[in-house]
Each structure stands twice: as structure tokens, then as C-alpha cells.
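Structure record follows, encoded as C-alpha cells.
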There are 2 protein chains.
Amino acid sequence: MRPTVHDIAATAGVSLATVDRVLNGRPGVRQTTVDKVEAAVSLLGYVRDVTAANLARKRVYPLVFIVPGGPNSFLRNLTAEITAAAQRSSIERTVIRIETVPPFDPAALVRVLESIDPQTVSGVGLVATDTDDVTAAVNRLVEQGVPVVTLVSDLPGSQRVHYCGIDNIAAGRTAASLIGRFCTGRPGKVLVVAGSMKLSDHSERASGFAAVLEAEFPELGVIGPVETNDDADTVRQRVGMALETGPEIVAIYNLGAGNRGLIDALAQHGHRNFAVVAHEVTPHSRQALADGVFDAIINQDCGHEVRSAIRVLKARADGLDPLTAQERIRIDVFLRDNLP
Amino acid sequence: MRPTVHDIAATAGVSLATVDRVLNGRPGVRQTTVDKVEAAVSLLGYVRDVTAANLARKRVYPLVFIVPGGPNSFLRNLTAEITAAAQRSSIERTVIRIETVPPFDPAALVRVLESIDPQTVSGVGLVATDTDDVTAAVNRLVEQGVPVVTLVSDLPGSQRVHYCGIDNIAAGRTAASLIGRFCTGRPGKVLVVAGSMKLSDHSERASGFAAVLEAEFPELGVIGPVETNDDADTVRQRVGMALETGPEIVAIYNLGAGNRGLIDALAQHGHRNFAVVAHEVTPHSRQALADGVFDAIINQDCGHEVRSAIRVLKARADGLDPLTAQERIRIDVFLRDNLP
DNA sequence: CAATAATTGAGGTACGTAAATCATAAAATG
DNA sequence: CATTTTATGATTTACGTACCTCAATTATTG
């Protein structure tokens with residue numbers, strides 16, 4: 001049987017009340033007594049029964065998630081996963097509030113971050129735009145004792161306690177490997193389409209992609225990245241233009257959203273056997289992969305990301321270190337045949 | 001606040017004891033009273049607080065896992081994951097016993113299955129050999145009320161309550177897609193290496209692979225599958241022989257274990273730019289991928305499989321339906337650049 | 001109708017922890 | 001040394017559920 005607080009009290013030769021004071025960092029215990037209790041804890045290998053503790057203290061974790069609005073399928077899916085997590089609230093003792101902000105609007109993000117009350121909120125998750133004002137607002141929250149995690153897109157210079165998302169440099173490198181091999185020696189250009197270089201996930205993908213292409217597939221050059229603000233119509237126009245004016249294009253890497261626009265552009269153009277790699281499984285991209293319009297999709301499981309974010313925030317709210325090694329989000333590579 | 005048994009008792013107009021009798025299926029309650037209580041439950045949306053319930057009943061789940069022994073890296077890793085889960089036992093209220101059996105020995109597997117006491121064991125997980133005697137032994141256990149799950153390799157004709165592993169037909173198809181694309185039009189033969197066609201995972205991969213290759217890449221033919229019993233030395237010999245006598249080989253798909261032997265054979269042969277796809281990330285296969293000897297690795301995360309198996313067995317032991325949709329194990333595709 | 005059986009209520013204890021109160025003991029202060 | 005402060009002990013209640021006992025009520029049977 002695993003040891004309980006009673007066992008600790010007995011072996012340390014102190015009362016239950018003192019054990020409780022030590023374990024929960026309450027004042028009024030001499031250092032020598034603290035040491036005695038901690039010795040007993042490590043001797044017996046005591047671990048607090050978190051479920052019993054939560055039961056006793058009626059703990060809840062009020063969390064806030066900030067997600068950009070707009071039609072982006074991936075972000076809507078992310079929001080749906082947060083909502084699903086909110087519905088498990090009663091089981092997980094979380095109280096989740098979702099704040100929607102206009103996309104590509106750092107100022108709005110900052111306003112929401114500043115409206116958060118450190119007294120009543122025990123953790124914040126956000127999809128960040130990598131700008132100085134957002135970084136500052138995040139740092140301010142963290143300094144007030146509110147753990148903040150970034151989702152999908154990181155804020156590398158900030159004090160955020162964790163990033164819940166894929167390694168985007170590796171994702172870009174993977175895309176380059178795939179495109180390079182799918183083209184096998186055929187020289188030409190790769191059109192790179194991005195949403196915004198202000199999003200660190202996009203800029204990281206672009207740099208990883210360019211690095212591998214240059215090093216391993218010198219016969220392929222890069223056109224772009226073309227910025228589209230993740231708008232499908234813009235993607236359609238820019239890709240259409242590029243395909244007409246650049247006959248040497250043999251592959252396309254869309255590292256941002258707006259896959260619908262890419263699919264439309266390719267349909268208009270009459271397929272010229274491009275190698276096409278895109279990001280995120282959505283209804284449209286899934287269909288394109290099944291139809292052979294896309295060759296591969298690089299995906300991040302946003303359900304995993306949300307659940308990981310919640311675990312990390314809860315752990316930090318309790319002053320624990322989350323097992324960071326177990327919270328790594330994998331880069332999924334989907335071909336037509338392993339699409340779930 | 002979420003409703004408690006007290007709330008149920010109050011709205012149903014019965015005592016706490018009666019609510020308890022209904023919720024836990026204890027006898028001695030009139031049907032009309034049962035209905036009243038159940039009406040209150042669904043009216044208030046009551047969900048039992050599992051943590052409090054487990055605390056009160058001091059529930060433990062004694063589980064048995066049966067894994068083949070031998071040097072197979074993947075299976076050793078699987079065993080390590082089960083051991084890791086066993087170390088979380090006190091938290092998860094499981095008591096896990098690991099039984100090691102000789103590999104490729106159905107009779108030994110049957111003996112262990114028959115030694116299991118349905119009274120004291122609340123669930124069993126095993127890596128199955130797909131033979132009739134094993135199927136029969138599994139069915140006997142299930143009929144005695146012990147839920148059984150298969151890990152890694154399924155037992156399709158049996159009564160096992162769940163299969164914790166990847167879709168191996170899809171895995172084979174994915175391998176074919178990758179090899180087909182990596183060869184882009186270059187005609188030739190693909191050498192297929194397997195452990196044993198008695199393992200349903202291996203035979204399913206082989207059939208998925210052959211199907212896609214025939215349908216989509218008619219310029220590529222199949223040699224094999226060569227059976228090796230997952231022994232690295234045998235793999236080395238058989239691959240070496242094949243490469244010498246079959247100069248038209250352009251790609252290799254090892255759908256079984258023994259990657260070490262494959263790597264050795266390729267090294268001896270002096271690389272002739274084969275497209276090589278193998279299964280499972282192990283220290284050797286990881287190195288081979290990094291070195292460019294392998295082009296892709298198809299992987300299943302055995303940590304996920306073990307955790308999923310435990311969740312399913314616990315749920316079934318409590319008479320609950322596990323959320324099968326959430327227990328699907330993904331097919332990971334790793335290239336050099338997205339290897340974790 | 002009485003005897004018996006089936007059903008329900010009332011109340012308690014337990015699980016492991018949190019958190020509070022109040023009394024007592026020890027240490028520090030003047 | 002008396003007084004104040006600080007530490008500690010002893011005890012209790014609570015969280016939501018399980019499970020037990022015993023008494024009381026209601027149905028069912030002969």
C-alpha cells in the first residue's frame with residue numbers, strides 16, 4: 001500500500017497537523033521539524049494522492065484560452081477542441097473561458113491579455129502573434145504569477161512557461177525532404193506560400209524548408225515565400241499568378257492556411273503534375289489528398305495540443321513541474337494511405 | 001456545481017441508500033423506484049465522481065500483460081513501456097504483472113493464458129500469434145468475464161474486446177506509396193522482407209503493400225515476402241543473397257523486425273541507392289535514417305498502445321464502454337527531418 | 001388476518017487529504 | 001522570572017462515494 005499522511009506523521013514522530021503544515025507550505029513550523037517531515041516523506045516515498053486532495057479542497061482551475069477568429073479551418077478546429085475540453089470541465093475541475101480575437105491583430109490580443117485578473121485566473125493559453133507588445137503583455141502576466149502557454153505558434157523571446165505545438169523548423173525541413181524526393185532530380189522552382197512572416201510558426205517553417213532544399217536538393221530553387229494573410233482568395237490569386245508567370249515551377253509548399261484557395265488555383269490551372277505539400281488536415285485538404293491533388297499533408301493534432309496545454313497549466317498552477325518530455329507534440333506526415 | 005448523490009436523492013424523493021442501491025446495481029429496489037432515481041439522474045445530468053468513488057472503494061485493477069521475449073528492440077521497448085506504466089500503478093490503481101513468453105511459440109502463449117485466474121485478474125493484454133489455439137484460449141478467458149486486448153498484432157477471429165495497434169493494411173499501403181514515389185518511374189523490383197506470415201500484422205502489411213504497388217506503381221514488381229522470423233542474422237543473409245542474385249532490385253521494404261541485419265547487408269553491398277522503408281524507430285533504425293541508409297520509417301508509438309490498452313481494460317473491468325474512437329493508434333511516418 | 005418477504009430509510013464509518021479550532025508546550029523576549 | 005511569541009498537538013469537519021447495519025415500512029403470501 002502506498003503511504004499516507006498518517007504514516008508520515010508516525011515515522012516523523014510529529015502530529016498530522018504538522019505534516020499538513022509542511023506539505024502545504026503553511027507557516028509556523030521550525031526548520032528542524034520541517035526536515036524531519038521531509039526525511040520521512042522521502043524515506044517512505046510518499047506521493048500526495050492528488051485525487052483525494054482535490055476532493056478535499058474542492059479545487060478548480062479557471063483557465064482562459066485566447067484564439068483568433070475568422071474562417072481558418074484549423075483554428076476553428078482548435079476552438080472546437082477547447083470547447084470539448086471545457087465540456088469535460090466537471091471531471092477535470094477546470095473552468096474554461098474562450099476569448100476570440102480578430103486575427104492578425106496584436107493590439108486586440110494585448111487588450112485581452114491585460115484584462116485578465118491574476119487573482120481569479122490560474123492559467124492562460126494563447127495563439128500568439130510574435131510582436132513585442134504581445135511578448136510584453138505575456139511577460140507581465142507571468143510576473144504576476146499567472147502561467148501562460150503558447151499554442152501552435154510560439155513567442156520565443158517571452159517568459160511563457162511552455163509552448164504547446166510542433167517544432168516548426170523540423171516541419172519545414174520535412175516538407176523540403178518530401179518535395180525533394182517527390183521531384184527526384186527534376187530541376188525547377190518550388191513556390192512557397194505563407195500566411196504571415198509575423199507568425200513565428202510560418203517563419204520557422206520557411207527557414208527550415210529553405211535550409212534543407214538548399215543543402216540537399218540544389219536543383220530546386222525557391223520562389224517566395226508569398227504572404228497571403230491566410231486568406232483563401234488571396235492564396236488563389238497569388239498562386240494562379242505565379243503558375244502563369246513561372247512555368248518552371250515543379251512543386252508547391254503551402255506552409256500557411258487557405259488551402260481552399262490553393263486547391264482552386266490548381267483546378268483552374270489544369271494539373272501539371274506538381275508536387276504539393278500543405279499543412280493541417282481539414283475537410284478541404286483531406287479531400288485534396290484523397291484526390292491526389294495534394295501529395296502530403298503535415299499535421300499537428302490540435303486535440304493533443306489543447307489537452308497538453310491544460311495539463312501543463314494545471315501542473316504549474318499547483319507549483320509542479322510538468323513532465324516536459326512527455327508533452328512534445330509530434331509532426332504528423334499524412335499520405336493518402338495513412339490518413340485517419 | 002455538479003450534482004451529487006445527495007441531490008439525486010432529494011429530487012427523486014428517496015433516501016441516499018436507495019440511490020446507492022440503484023447506481024451500483026444492488027438488489028432490493030422496486031422497478032418504479034429505480035425509474036424515479038434514473039429520471040433524477042438524467043434530469044440533473046449526474047455523473048459519478050470516479051475519483052471519489054475509487055477513493056471510497058479502494059479499487060485496484062490487477063492486469064496481466066503477455067509479451068514475447070527475445071532481442072527484438074521494438075518488443076523490448078514495448079516491455080519497457082509496460083514497466084513504466086507499472087511504476088505509475090499507485091497513481092492509476094493498477095497492479096501490473098508482465099509475463100514473458102518465448103517468441104513464435106503459440107503453445108507457450110496458450111499455457112500462460114490458461115494459467116490466468118479469472119477471479120483475481122481484471123484484464124489481460126497480449127501480443128498475439130494468430131493461430132487457432134491462441135484464439136480459443138483468448139475466447140475462453142473472455143467468456144469467463146476477463147476482458148482481453150491484443151497489442152501490436154491482432155487476433156481478428158477472436159472475441160478480444162479491443163485491438164491496440166495500428167491499421168497494418170494502411171501501414172503497408174503507406175509504405176508502398178512512399179517507395180513508389182521515391183522511385184518515381186524507375187522500373188524494377190521491390191524486395192519485401194517479413195518476420196512471419198503467422199503474425200497478422202506482418203501479413204496485413206504485406207497485402208496492403210502489394211495492393212497499392214500493383215494498382216499505382218505497375219512498373220515496380222514484388223520479390224518476396226521473404227520470411228526471417230524477425231532474426232537479424234537471417235535478415236542479413238537473405239537480403240544479401242537477394243541483392244546479389246537480383247540486380248533489378250530498386251527498393252526494399254522490411255515490414256518486420258531485424259533492421260540491424262538489413263543495415264549490415266546494405267553496408268556490405270555498398271549502397272546502390274535503394275529506396276528503403278522499414279518499421280519501428282529503434283536505436284539502429286534511427287541511426288540508419290539519420291545516415292540516409294533508410295529513407296523512411298513507419299512507426300507505432302508503443303507507449304500510446306500500452307496506455308490505451310490500460311484505459312480500455314480498466315473501462316471494461318468497470319463495465320463501461322471505452323470511447324473506441326479516441327483509442328485509435330496512429331501510423332507515424334518518419335523521415336530524417338521529423339524524427340523526434 | 002397473520003405471517004413472511006421484500007423494500008426503503010436512517011445513520012454510520014471509511015477512503016486520503018485539506019483546513020480549521022483550540023489547547024498546550026517550547027522558545028524567545030523584556 | 002514573567003510575559004509574549006512561536007511551534008506543535010489533538011481533534012473535528014468536510015469533500016463525494018461506497019458499503020454496511022439495523023429498524024421501519026410496505027407488499028405478498030398462505
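Naming convention: chains lettered A, B, ... in sequence-line order (proteins, then strands); numbering from 1 in each chain.
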* Does K36(A) reach the main-chain N or O of V14(A) with its side chain, forming a donor-acceptor pair under 3.5 Å? -> no
* **Flag, side chain of D117(A) to backbone of Q119(A), donor-acceptor distance under 3.5 Å** => yes
OP1 or OP2 of [N] under 4.0 Å from side-chain N/O of [X]:
{"X": "R30(B)", "N": "dT8(C)", "answer": "yes"}
{"X": "R57(A)", "N": "dC15(D)", "answer": "no"}
{"X": "R26(A)", "N": "dA20(C)", "answer": "no"}

Could you give the [atom1]-to-[atom2] distance, from [X] to [N], as a whole number of Å?
{"X": "D49(B)", "N": "dT17(D)", "atom1": "CG", "atom2": "P", "value": "6 Å"}
{"X": "K58(B)", "N": "dT13(C)", "atom1": "NZ", "atom2": "P", "value": "16 Å"}
{"X": "R59(B)", "N": "dG16(D)", "atom1": "CZ", "atom2": "C1'", "value": "18 Å"}
{"X": "L16(A)", "N": "dT11(D)", "atom1": "CG", "atom2": "P", "value": "12 Å"}
{"X": "N24(A)", "N": "dT8(D)", "atom1": "CG", "atom2": "C1'", "value": "16 Å"}
{"X": "H6(B)", "N": "dG12(C)", "atom1": "NE2", "atom2": "C1'", "value": "12 Å"}
{"X": "L55(A)", "N": "dG16(D)", "atom1": "CG", "atom2": "C1'", "value": "5 Å"}
{"X": "R2(B)", "N": "dC15(D)", "atom1": "CZ", "atom2": "P", "value": "14 Å"}

[options]: which one has an atom nearest the side-chain heavy atoms of [X]?
{"X": "A56(B)", "options": "dT17(D), dG16(C), dG9(D)", "value": "dT17(D)"}
{"X": "S15(A)", "options": "dC15(C), dG9(D), dG9(C)", "value": "dG9(D)"}
{"X": "D20(A)", "options": "dA19(C), dT17(C), dT8(D)", "value": "dA19(C)"}
{"X": "A17(B)", "options": "dT8(C), dA18(C), dG11(C)", "value": "dG11(C)"}
{"X": "V14(B)", "options": "dG16(C), dG9(C), dT17(D)", "value": "dG9(C)"}

* Residue whose nearest DNA chain D nucleotide is more 5′ - R21(B) or T4(B) -> T4(B)
* Output yes when D154(A) and R160(A) qualify as a salt bridge under the 4.0 Å nitrogen-oxygen rule, no when they do not. => yes
* Does V47(A) or G28(B) map to a spot on DNA chain C nearer the 5' end, using the closest nucleotide for each? -> G28(B)
* Pair T79(B), R76(B): side-chain N/O donor-acceptor within cut-off below 3.5 Å -> yes
* Asked: Which is true for N54(B) with a 4.0 Å heavy-atom rule: it touches a base, it touches only sugar-phosphate, or it touches nothing?
  -> nothing
* Under the side-chain hydrogen bond (donor to acceptor under 3.5 Å, both in side chains) rule, what do D35(A) and Q31(A) come out as? Steps first, then yes or no, please. => CA-CA 6 Å; D35(A) 294 343; Q31(A) 186 54 47; 2.9 Å; yes
